[in-house]
Amino acid sequence: MTTIKLHNTRTRRKEVFTPIDPDNVRMYVCGPTVYDRAHLGNARPVVVFDVLYRLLRETYGADHVTYVRNFTDVDDKIIRRAEESGRPIEQITAETTQWFLDDMGALGALEPDAMPRATEFIPQMVAMIEDLIAGGHAYAAEGHVLFAVESYKSYGALSGRTVDDMIAGSRVEVAPYKRNPMDFVLWKPSEPDQPGWDSPWGRGRPGWHIECSAMSYELLGDSFDIHGGGNDLMFPHHENEIAQSCCAHPKGEFARYWLHNEMLQVEGKKMSKSLGNFFTVRDLLDQGIPGEVIRFVFLSTHYRKPMDWTEKKAKQAEATLQNWMMATVDLDPVPSEEFQPNPKLLDALGDDLNTHLALTIVNSMQSKPQDLLDHARFMGLLSDDVRANFKEHYLSMAHGFGASAELAELGLALDQLRKEAMESKDFSKVDTQKKVLIAAGLEVRMSKDGVELVPGPNFDATKLEGLE
Ligand code: AMP
Ligand code: ZN
């Protein structure tokens with residue numbers, strides 16, 4: 001079995017991963033707030049935890065892993081969007097949820113085993129809040145319920161801050177009903193025109209953090225293995241989840257391993273609307289960038305390093321995937337049954353998800369097309385859908401020279417020229433032909449068995465037009 005080591009934010013160390021129950025390995029990842037298209041940054045945790053999900057399924061068996069990722073479908077941003085657009089909230093959240101699934105599907109992400117929506121778990125959240133009040137960890141004030149951070153001595157441990165540091169660092173205006181400025185909202189009142197549910201504290205709605213505590217408890221229990229999300233969620237969201245869950249279920253451990261992906265930037269700058277470098281996954285897909293190119297670029301940077309999205313990287317990824325596609329174009333879409341991922345590749349992923357190394361290993365399989373295809377698939381690349389939809393895309397990029405058959409023909413022609421040259425001792429034609437092939441970005445491999453032409457990252461088929 002592959003040894004999996006993961007960097008645990010809680011201990012700030014890479015640790016050997018040992019599941020609580022190898023028959024049911026459990027992972028929870030914070031999902032999107034559904035009011036708009038996912039931006040490129042939102043896709044990073046999806047791809048990162050998809051790779052971890054695949055690795056866990058491979059290691060413990062596909063039926064022995066439970067991956068939960070929520071949809072936040074009650075939130076002030078959603079309410080605002082509904083007010084601005086005049087559209088019902090349910091319409092906005094349903095539409096955005098489907099967009100998210102479509103866009104992440106285009107990136108080759110498997111769907112989690114459960115995708116709970118916050119609005120489906122309101123009674124469970126209310127029950128948890130009642131428990132927190134009963135245990136002295138929360139208090140009701142002016143229609144709100146607040147978590148009392150001083151009631152939980154480990155508050156701040158995940159992100160390494162004390163309550164005093166937090167107070168000093170916060171600039172938000174403190175609501176008069178809070179006992180401590182860092183106390184956070186579990187429940188708040190709703191205006192008549194806002195979404196709301198009846199509760200012991202009046203008609204209202206949950207604060208953001210409580211949903212993940214309630215849903216992970218319902219679906220994964222009071223102790224589970226992995227909790228993930230972007231590192232912008234570490235504080236306050238994850239800190240608050242821990243406080244709520246550990247105080248409501250003191251016998252449980254909540255999550256054992258905390259994983260956080262670093263942020264995505266664009267051309268070295270923070271992605272933001274004001275800098276004009278903000279785009280959604282759909283924007284890129286609509287520009288004709290295949291989803292797997294986005295996935296490939298993501299996987300080429302380790303998840304704990306800031307990821308810089310650049311056009312250059314997208315082009316390079318596209319060229320590599322084009323090579324992979326060309327090498328495997330004639331293969332049956334059915335994966336070989338006896339497929340077992342290469343242990344080196346599993347070890348790379350097991351080393352805190354070294355996806356960059358994993359891609360390098362896949363790339364080195366080009367002389368064995370079936371291996372290449374099976375392993376690319378394992379990494380969520382070259383899936384049947386992608387192959388069906390983008391075969392055209394890649395082949396048109398290669399201007400008809402995409403099919404490996406055509407490169408093979410050029411190789412045969414060169415081999416023939418070489419044989420003739422051996423007789424005539426005049427190698428000039430061979431040299432000229434070779435120069436053209438190399439200029440087109442092909443590697444020319446000559447051996448006594450023949451000539452093999454291997455497209456490199458800069459392969460440009462247009463430069464081969466007119467050759468025979
Ligand atoms: P949100 O909808 O803002 O709660 O974000 C959904 C997920 O996307 C969370 O796991 C965030 O940490 C993650 N996320 C948001 N922005 C970025 C970014 N620029 N880079 C990487 N992850 C991000
Ligand atoms: Zn969460």
Side-chain angles (χ1 to χ4, degrees), residues 9 27-50 52 67-78 80-81 92-93 96-97 99-101 103-104 107 109 112 114-118 121 125 128 158-159 184 186 206-220 224 226-245 254-255 258-275 277-281 284 294-295 297-299 301-309:
T9 309
M27 171 161 84
Y28 185 95
V29 174
C30 296
T33 305
V34 278
Y35 65 103
D36 210 342
R37 286 270 183 200
H39 65 63
L40 195 61
N42 297 138
R44 192 171 192 203
V46 174
V47 172
V48 165
F49 292 102
D50 179 64
L52 179 54
Y67 172 21
V68 178
R69 187 185 62 215
N70 67 305
F71 282 110
T72 301
D73 62 351
V74 51
D75 178 270
D76 290 355
K77 286 191 281 264
I78 306 176
R80 221 172 300 130
R81 182 58 58 95
I92 294 174
T93 55
T96 317
T97 299
W99 283 346
F100 184 83
L101 294 175
D103 295 350
M104 298 309 125
L107 303 186
M115 295 188 277
R117 283 133 176 90
F121 286 82
M125 294 186 216
M128 197 169 195
L158 179 74
S159 54
F184 58 88
L186 299 171
W208 167 34
H209 318 292
I210 192 73
E211 72 177 80
C212 290
S213 286
M215 293 190 288
S216 62
Y217 176 68
E218 292 298 323
L219 298 166
L220 300 175
F224 58 93
I226 298 171
H227 193 311
N231 67 357
D232 57 328
L233 298 186
M234 206 186 300
F235 177 81
H237 183 55
H238 289 162
E239 209 70 80
N240 294 355
E241 280 187 37
I242 294 173
Q244 295 160 163
S245 292
F254 195 36
W258 284 84
L259 268 70
H260 291 98
N261 62 273
E262 252 291 349
M263 293 290 102
L264 174 134
Q265 306 180 321
V266 174
E267 309 282 353
K269 296 200 182 77
K270 188 177 169 184
M271 181 162 73
S272 85
K273 287 197 170 133
S274 59
L275 289 175
N277 64 355
F278 178 94
F279 41 85
T280 65
V281 173
L284 292 182
I294 301 173
R295 185 179 179 95
V297 172
F298 280 13
L299 296 184
T301 298
H302 189 256
Y303 77 95
R304 286 197 293 114
K305 297 224 172 79
M307 139 107 237
D308 196 20
W309 172 270

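Residue numbers run from 1 in the order of the sequence given. Fair warning: this is a prediction, and the values are worked out from it, not measured in the lab. Whatever order the structure lists ligands and atoms in, that order sets their numbers, starting from 1.
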### Summary
min-distance N/O/S atom, H237 vs the Zn ion (ligand 2), resolves to NE2
### Message
With carbon and hydrogen excluded and only N/O/S kept, which atom of E241 is nearest the Zn ion (ligand 2)?
### Response
OE2
### Query
Does even one non-hydrogen atom of E262 get within less than 4.0 Å of ligand 1?
yes
### Query
Is there a heavy atom in Q265 that sits closer than 4.0 Å to ligand 1?
no
Just so I know, are the side chains of [X] and [Y] near enough to count as touching, which here means a heavy-atom distance under 4.5 Å?
| X | Y | answer |
| --- | --- | --- |
| P206 | F121 | no |
| P306 | M263 | no |
| H227 | I242 | no |
| F224 | V68 | no |
| L233 | C30 | yes |
| V281 | M104 | yes |

Please list the nearest protein heavy atom to [atom] with its residue and the distance rounded to 0.1 Å.
| atom | value |
| --- | --- |
| atom 10 (O) of ligand 1 | G230 N, 3.2 Å |
| atom 11 (C) of ligand 1 | D232 OD1, 3.4 Å |
| atom 22 (N) of ligand 1 | G41 O, 3.0 Å |
| atom 9 (C) of ligand 1 | L233 CD1, 3.7 Å |
| atom 2 (O) of ligand 1 | T33 N, 3.4 Å |
| atom 3 (O) of ligand 1 | N42 ND2, 4.2 Å |
| atom 17 (C) of ligand 1 | M263 SD, 3.5 Å |
| atom 20 (N) of ligand 1 | L264 N, 2.7 Å |

### Task
Please state whether the separation between the Zn ion (ligand 2) and some N/O/S atom of H209 is under 2.8 Å?
no
### Task
Answer yes or no as to whether an N/O/S atom of H227 is found below 2.8 Å from the Zn ion (ligand 2).
no
### Task
Assign the ring pair H209 / F184 to parallel, tilted or perpendicular, where the plane angle (0 to 90°) is split at 30° and 60°.
perpendicular
### Query
Is the W258 ring parallel, tilted or perpendicular to the H238 ring (thresholds 30°, 60°)?
tilted
### Task
Check each atom of ligand 1 against the heavy atoms of N261 and keep those under 4.0 Å away; list them by number with element.
21 (C), 22 (N)
### Message
Out of all atoms in ligand 1, which are within 4.0 Å of some heavy atom of P32? Include the element for each.
### Response
2 (O)
### Task
Check step by step if side chain to side chain contact (heavy atoms under 4.5 Å, CB included) holds for V46 and R69.
CA-CA 9 Å; V46 174; R69 187 185 62 215; 3.7 Å; yes
#### Entry: Proximity of Y28 and Y67 rings by center, below 6.0 Å
no
### Query
Among side-chain atoms of E267 and N277, is any donor-acceptor pair under 3.5 angstrom?
no
### Summary
So the angle subtended at the Zn ion (ligand 2) by C212 atom SG and C30 atom SG, rounded to 10 degrees, is 130°
